[in-house]
2 protein chains.
Amino acid sequence: MKTTIKQVAEKAGVSIATVSRVINGFENVNAETRERIMKVVAELKYTPNLAARGLIMKRTEAIGLLLPDLHGEFFSEVIRGVDEAVQRQQYHLLVSSSHNDTKEIEAALRFMRGRVDAIIVMSPQVDSDLLLSNLPKGLPVVLLNCHLNNPHFDSIVIDGFGGARDMVSYLLGIGHTRIAVIKGGENNLESQERLRGYRTAFINHGMTYNKSLEFDGDFTEASGYEAAREVLELEERPTAIFAFNDSMAVGAIGAIREAGLRIPNDISVCGFDDIPVAKYLSPSLTSVHVPIHDLGVMAVNRVFDRLQNKGKTSAAHILVPTTLQIRTSCRKITVQQNQSKEESSR
Amino acid sequence: MKTTIKQVAEKAGVSIATVSRVINGFENVNAETRERIMKVVAELKYTPNLAARGLIMKRTEAIGLLLPDLHGEFFSEVIRGVDEAVQRQQYHLLVSSSHNDTKEIEAALRFMRGRVDAIIVMSPQVDSDLLLSNLPKGLPVVLLNCHLNNPHFDSIVIDGFGGARDMVSYLLGIGHTRIAVIKGGENNLESQERLRGYRTAFINHGMTYNKSLEFDGDFTEASGYEAAREVLELEERPTAIFAFNDSMAVGAIGAIREAGLRIPNDISVCGFDDIPVAKYLSPSLTSVHVPIHDLGVMAVNRVFDRLQNKGKTSAAHILVPTTLQIRTSCRKITVQQNQSKEESSR
DNA sequence: GCATAAAATGTAAACGTTTACATCGAACAT
DNA sequence: ATGTTCGATGTAAACGTTTACATTTTATGC
C-alpha cells in the first residue's frame, strides 16, 4: 500500500527524523546519508502524506474556493482568476461547490477545515453565523459578492447597483423608455441591487419606473426564455429588455427569435456580466462588463495579505466598479417614436 | 483557535472516545451524556478535523479531479458531469489543475495523496510512470482521454478518429473535396487521432488527402485565427475548414469574417467537441458532438465501481462514440463546382 | 591522547482523530 | 449477599509526519 517514512527509514538504516530532514531540504545531513536516503525514496516511490504534514505544521499551503456551482462561464472565469493568482504564489487551489444549498455549504466548509490555509467564499446563501460556526477562528476568509457586512471578513462586491443604473441610463439615453427587466429571484440580494439601479436610473432622468415591466427569472437561460415570452405578450411591447445576467439574456434572445422578431430592429436586449459568450451571440450582446477574472485575482490578493500579515491588517471591503460593453444588440430609438410612447404611457 | 475534541471532552466531563462516539452516531452512549456533549459541541462550535480523521480511517470520502486547466467550456462541462455524479454519491470533489505541466501534475498528485479515495486524471502529458511514482499503489485511478494503455488504470477515451472521419465523410458527401484542417499540436495524441480520421475519410471515399491542407494550431482560439489566415492565403482557397476543436473554429470564424468572406456561402467551417458556445455562433457551428458531461459521469461511475469492489474488478477501457451535430456553418457544394476543382488539383 | 566544539543523528512527543480492548457500574438471577 | 451479564465509558495505541532537545560522532586544537 502506501510507503511511509518509517519504511524508508528502516531500509535506509536511519531514523525517521533524518528522512524528514532530507525530504524537507535541511542541510544538517551528511551527503552520503542523504544520497542513501534519496535512493531508497526513489526505489520505494515514497511521497509524503501531506494531510499528516498539515496536521503537525498547522498549514497546508492550499486555498479553498467555494462557489455555488462549478460550471458555467461566469464561475469558470472566476476560477481562472483565482487559479492564476494562487498558482503564482505556488499554493494549491481546492475548488468545491455548494450547489446553492446551505447544508452543502456547511459540508464543504467542514471538508475544507484542516485542509486549507484560507478560504474564498462566493455564495449568496452564506451568512456570518454559518461561517463562524463552521470555520476555525482566525482562518482568513474572503467573501466574493456575498453582500454580507461582517468586520471579520474581507469582502469584494460587484457594483450591481451602479452597473444596472448605468445600463438603464444608456438605454434611456438612446431613446428607450419602456424597458422591461428580467430579475434574478426574490431573495437574491444581487438582483435587488440591480433592480434598485434600474429604478434609480429612471428617477435620475426625471421619469418614473413601471413595476409591470419587472419580470421574475432565476439567473438561468431557461428562466430568461420564459420571462421574455411574457414580456412579448404585453399589449404594449417594450422597446428593450434588460436581463440581470447574460444567461437570461441568451434565453430572452431565443424567445424573441421564436416570436419572429429581430434584435435590435424590433426590440433591444442587454445583459449583465459580459461573460465570454456575449461577443459570440448574433447580434453581439451589449452587457454590463464585470471584470470577473480580476475578481478572482483580487480575492486571492486579499487572502495572501491576510496570511502574510497574520491578523495585523483589518478586513477590507471593496466595491468593484463595472463598465458598459456596448455591442450590437441595442439600437437607438428616434425622438418621434419616443415622444409618442411617453405620452401614451402617462 | 481551533476547537479540538479534547476541549469538548474536558468541558463535557467525558473522554474523547465518548465525544467521538457521539459525533459519529454510535448508539452506545447514554442519552443524557449525549445531550450534554452535543450542547458543548454547539457551544464551542466544534467541527472535526477531517484531515486527521482521514489519517486514521484511511479514507476521506473525496474524489480528486485533475484537469489541464480549470476554465473554458470543455472543462467546465467535464466538471459539471463529475460534480453531479460525485454529489449523488455524497462524496466531496477536489478539483485541481496541472496547467499542462509535468511538474505541476506531480505537485497536484502529491497534494491529493492522503486527501482523496480515488482520482480522475485528464491530462495529455500524463504517463504510467508519472502516475505510479506519485500515487499510492491500489488507489483507484480513472484516466480521461489520456491515450495511455495501462492495465492498472481504467480509461475512457473519446473516439476522435471516428468523429473526425465522420465529419470529413459528411463534408465529402456534401461536395467538399478541398478541406483544410487545423490540427492541435505535433505531440498531441488527440490531434493525431483526429488527423488519422481526416485522412481515412478521404481514403474511404477513394480519394487522396492533401498534406498542404493540414495546418498547425494548439487548441486555442488565437491559434485557430492564425491558421485560418494562412488557409485563406492559399492560391486555391479550400471550400471548408475543419478545426480539431471548437475554440479554434471560433478563431477561424473571426479570421474569415475579417477577410470579408461569408460562412458558409464562401467557405464552410466545422469544429470538434460541440461545446455550449457552438450553438450561439452565427452561423451556428456544425461540430463533432462529444458527450462531455457524460464523460465526467462515466469516470465517476468507474471510480465507484473500483471503490466498492475493492480491486476485484479489472480495469475497463471505454471508447466513447461521437455524433455529428449538423448546424448552419457548412453548406452543400454543387457537382459542377466539385468536378472542376477535382480536376485542377490532380 | 584528551578536551572542546560542531556536525550529524536519534528519541520522544506532538498534531486531532478513531477505536480495540479494558474497566466500571448497573441490573438481574440465584 | 454474591456472582454473572450487559451497557456505558475510559485508556492506550494507532494513523504519518515534524521537530525540540538529547545523544552520538566527527573534527579540531593543544
Side-chain angles (χ1 to χ4, degrees), chain A residues 1-38 40-41 44-61 110-117 135-137 139, chain B residues 1-37 40-41 44-62 110-117 135-137 139:
Chain A
M1 203 56 158
K2 308 184 196 205
T3 306
T4 66
I5 200 167
K6 287 181 189 172
Q7 289 165 311
V8 174
E10 205 170 294
K11 186 149 194 178
V14 296
S15 74
I16 54 177
T18 303
V19 176
S20 184
R21 287 187 185 108
V22 171
I23 294 288
N24 292 295
F26 284 70
E27 297 194 344
N28 55 349
V29 180
N30 177 295
E32 190 188 306
T33 307
R34 182 184 300 272
E35 276 189 37
R36 193 167 75 243
I37 290 170
M38 294 306 290
V40 172
V41 166
L44 296 185
K45 293 171 178 172
Y46 167 73
T47 61
N49 183 317
L50 296 185
R53 190 176 198 273
L55 208 50
I56 195 76
M57 298 199 68
K58 293 178 188 281
R59 65 185 181 86
T60 62
E61 295 185 358
R110 284 160 181 252
F111 183 75
M112 285 189 178
R113 197 201 142 190
R115 293 200 166 106
V116 297
D117 296 336
L135 289 176
K137 210 180 308 182
L139 186 81
Chain B
M1 205 52 157
K2 307 183 196 203
T3 306
T4 66
I5 201 167
K6 286 181 190 172
Q7 289 163 312
V8 174
E10 204 169 294
K11 187 151 192 176
V14 296
S15 73
I16 53 177
T18 304
V19 176
S20 185
R21 288 188 185 108
V22 170
I23 293 288
N24 292 296
F26 283 70
E27 296 196 346
N28 55 350
V29 180
N30 178 295
E32 190 187 309
T33 308
R34 181 184 301 272
E35 275 189 40
R36 193 167 76 247
I37 292 170
V40 173
V41 166
L44 296 186
K45 293 171 180 174
Y46 167 72
T47 61
N49 182 318
L50 295 185
R53 189 177 198 271
L55 208 47
I56 193 75
M57 300 200 66
K58 294 178 187 281
R59 63 185 182 87
T60 61
E61 297 187 354
R110 284 160 181 254
F111 183 76
M112 285 189 178
R113 194 199 145 191
R115 293 198 166 110
V116 297
D117 297 336
L135 289 176
K137 211 180 307 182
L139 186 80

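Chain naming here is simple, since letters A, B, ... match the order of the sequence lines and numbering starts at 1 in each.
- When the nearest nucleotides of DNA chain D are assigned to A/P48 and B/V14 by heavy-atom distance, the more 5′-ward of the two goes with B/V14.
- In this structure, OG1 in A/T18 is found 9.5 Å from CD1 in A/I5, a value given to the nearest 0.5 Å.
- Contacts of A/I16 with the nucleic acid, taken as non-hydrogen atoms under 4.0 Å apart, include base atoms.
- Side-chain atoms of A/E35 never come within 3.5 Å of backbone atoms of A/E32 as a donor-acceptor pair (strictly under, hydrogens ignored).
- Contacts between chain B and DNA chain C, taken as any atom within less than 4.0 angstrom of a protein heavy atom, begin and end at C/dG16 to C/dA20.
- Here the straight-line distance linking atom CG of B/N30 with atom CD1 of B/I37 works out to 9.5 Å at 0.5 Å rounding.
- Of all heavy-atom pairs spanning B/R115 and B/A62, the tightest one is O-CB, 3.6 Å.
- Using a 4.0 Å cutoff on non-hydrogen atoms, the parts of residues 51-61 of chain B near DNA chain D are B/L55, B/I56, B/K58, ordered by number.
- Here the NZ-OH distance, from A/K6 to A/Y46, works out to 11.5 Å after rounding to the nearest 0.5 Å.
- Within residues 22-34 of chain A, the residues approaching DNA chain D are A/N24, A/F26, by heavy-atom distance under 4.0 Å.
- Scanning all heavy atoms of the two residues, the minimum distance from B/A51 to A/G114 falls at CB-O, 4.0 Å.
- In this structure, NZ in A/K45 is found 11.0 Å from CG in B/L135, a value given to the nearest 0.5 Å.
- Listed by first and then second residue, the salt bridge (charged side-chain N to carboxylate O under 4.0 Å, His left out) pairs that reach into residues 8-19 of chain B are B/K11-B/E43, sequence neighbours excluded.
- A distance of 8.0 Å separates CG in A/D117 from CG in A/L139, rounded to the nearest 0.5 Å.
- With values rounded to the nearest 0.5 angstrom, B/N49 atom CG is found 11.5 Å from B/T3 atom OG1.
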Determine all donor-acceptor pairs shorter than 3.5 Å in which one atom belongs to a side chain in residues 19-26 of chain B; sequence neighbours excluded.
from, atom 1, to, atom 2, distance (Å)
B/S20, OG, B/N24, ND2, 3.2
B/N24, OD1, B/R53, NH2, 3.0
B/N24, ND2, B/S20, O, 2.9

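- Counting only heavy atoms from C-beta outward, the side chains of B/R36 and B/V14 approach each other to under 4.5 Å.
- With hydrogens and angles disregarded, no donor-acceptor distance shorter than 3.5 Å links the side chain of B/T60 to the backbone of B/G54.
- Contact annotation for A/S20: base contact, defined as any heavy-atom pair under 4.0 Å involving a base atom.
- For the helix from C/dG1-D/dC30 to C/dT30-D/dA1, the rotation axes defined at the first and last 5 base pairs enclose an angle of 60°, given to the nearest 10°.
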